[in-house]
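A quick write-up on the structure given underneath.
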Amino acid sequence: MGNKMRAMVLSECAPIESKPLKLMQIDRHEIKNSDEILLKIEACGVCHSQLHGIEGDWQDIGIPPSLPTVPGHEVVGKVVEIGKDVTKFKIGDRAGITPLLSACKKCQYCKEGKEQHCESSEVTGESLKGGYAEFITVSEDFATKIPSTMSSEYAAPLFCAGITAYKAVKAAESNTHRKIGIFGIGGVGHMAVQFARIEGCEVIAVSRNQKHLQIAKKLGAKDTMVFEQDQGKFLEELKNRHGLLDAAIVFAPADIVTDTAIKATKKGGLIVIATVGKNPNFFAFEEKTIRGTLIGSTKEMEEVIKIADKEKLEVISESHPLENANNVLKMLKDSQIDARAVLVP
Ligand SMILES: [Zn+2]
Ligand SMILES: [Zn+2]
């Protein structure tokens with residue numbers, strides 16, 4: 001009773017330079033329903049979309065829905081307590097949580113296995129239940145088991161970056177679209193390069209950041225291209241080197257990138273947008289398909305863990321203490337993180 005825990009709390013959205021997260025002692029989450037597990041958090045990835053949420057960039061689309069919050073939505077921890085109806089986990093197991101903390105399990109979306117679209121879903125890290133803390137509770141249905149072969153620091157980034165990358169590559173219909181451009185190589189993009197390679201695709205990685213492009217090359221991209229503000233020049237270079245793309249996947253949240261990705265795709269091709277932006281322009285007579293994606297279901301999360309384990313997916317990450325969350329987010333903002341940072345309480 002009355003247990004407390006350390007957490008990095010966001011009380012007001014503000015630029016990360018002003019250190020909006022404060023280390024606080026807040027009430028420890030306790031199991032409230034019989035299907036819940038209590039996790040002692042061992043690692044939480046620092047996602048770029050979380051940075052936008054903290055800085056208030058996405059308040060007009062309702063993110064975060066309320067304050068205060070404890071950010072952090074790619075969480076791995078050890079099961080330290082279980083509700084009486086829990087069957088999937090036992091004490092001592094490790095489990096991970098995606099940004100989808102819960103859903104109603106009754107609506108059409110939930111019944112079809114698309115629970116990420118549930119209208120009454122809860123998002124991890126947009127209430128006091130987030131990963132920048134020591135403990136969290138979750139229904140066992142929204143937690144995924146971590147195999148003993150994976151460290152918690154390795155596994156955490158799979159729970160947002162990994163599933164986002166996997167789902168986007170799947171959405172790009174890689175079995176018929178063999179030449180795929182990936183726009184934005186960071187935490188998510190470096191995994192998408194690998195998922196596309198596993199599918200046998202030819203990957204062209206595009207980023208503003210030279211270091212990110214080196215990583216993409218190392219992870220199997222056939223070619224890398226620096227993103228050019230001069231769109232005409234970029235498209236000319238792409239055509240000369242490879243011709244137009246069969247499909248493009250956009251992770252960089254910038255409208256100019258999305259616009260370029262659409263123009264870099266051949267007629268009849270497919271563009272997958274896995275980020276937030278304005279409505280893209282496209283010319284209907286070119287018969288292109290534009291498709292959005294958002295994380296994935298619990299079942300797809302299990303697939304990601306299986307593939308990562310089997311294919312020895314490389315997760316490029318660096319660990320930092322929980323208390324340094326503001327600094328780590330600042331480094332992310334300044335493109336000083338190679339791929340993913342992980343906070344360890
Ligand atoms: Zn994320
Ligand atoms: Zn639902």
Side-chain angles (χ1 to χ4, degrees), residues 8 10 16 21 33 35 41 43-55 57-58 61-65 69-76 96-127 129-133 136 138-139 141-142 144 153 155-169 184-192 195 249-253 272-277 292-301 304 315-317 325 328-329 332-333 337 339-343:
M8 294 299 289
L10 177 75
I16 203 68
L21 301 180
N33 298 306
D35 67 336
I41 296 172
C44 181
V46 179
C47 175
H48 212 283
S49 63
Q50 194 78 77
L51 173 64
H52 287 290
I54 291 168
E55 296 201 311
D57 296 342
W58 291 351
I61 52 167
I63 298 172
T69 67
V70 173
H73 62 218
E74 30 183 53
V75 192
V76 170
I97 311 174
T98 71
L100 186 69
L101 185 65
S102 74
C104 80
K105 300 204 276 181
K106 293 182 197 106
C107 71
Q108 189 80 29
Y109 293 129
C110 284
K111 282 183 186 155
E112 287 174 355
K114 295 174 183 162
E115 59 268 25
Q116 70 273 19
H117 298 309
C118 175
E119 300 287 357
S120 30
S121 66
E122 250 183 286
V123 180
T124 320
E126 292 186 5
S127 67
K129 279 197 186 175
Y132 298 180
I136 191 167
V138 61
S139 156
D141 294 337
F142 294 92
T144 303
E153 281 109 315
L158 296 174
F159 279 82
C160 177
I163 191 167
T164 300
Y166 172 71
K167 180 79 174 310
V169 170
I185 306 293
V188 186
H190 91 281
M191 294 197 210
F195 284 119
I249 304 176
V250 183
F251 296 119
V272 176
I273 302 178
T275 180
V276 176
T293 59
L294 171 73
I295 47 167
S297 64
T298 308
K299 187 171 164 282
E300 285 162 328
M301 190 60 235
V304 170
V315 176
I316 299 177
S317 75
V328 173
L329 284 156
L332 184 64
K333 188 174 178 177
I337 304 284
R340 206 52 149 195
V342 169
L343 297 175

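FYI, the numbering just counts along the sequence from 1. Counting starts at 1 for both ligands and their atoms, in listed order.
Taking 2.8 Å as the criterion, C118 counts as a coordinating residue of the Zn ion (ligand 2), since one of its N, O or S atoms falls below it. Coordination check, H48 versus the Zn ion (ligand 1): failed, since every N/O/S atom of the residue sits at 2.8 Å or beyond.
Side-chain contact check for T298 versus D141: every heavy-atom pair is 4.5 Å or farther apart. Within the 4.5 Å cutoff, side-chain heavy atoms of V304 are placed close to those of F195. Within the 4.5 Å cutoff, no side-chain heavy atoms of H48 are placed close to those of V188.
Under a 4.0 Å N-O distance rule, the pair E74/R340 qualifies as a salt bridge.
Our summary of the site lists the angle at the Zn ion (ligand 2) between SG of C110 and SG of C107 as 110°, to the nearest 10 degrees. Around the Zn ion (ligand 1), the angle linking C160 (SG) with H73 (NE2) is 110°, rounded to 10 degrees.
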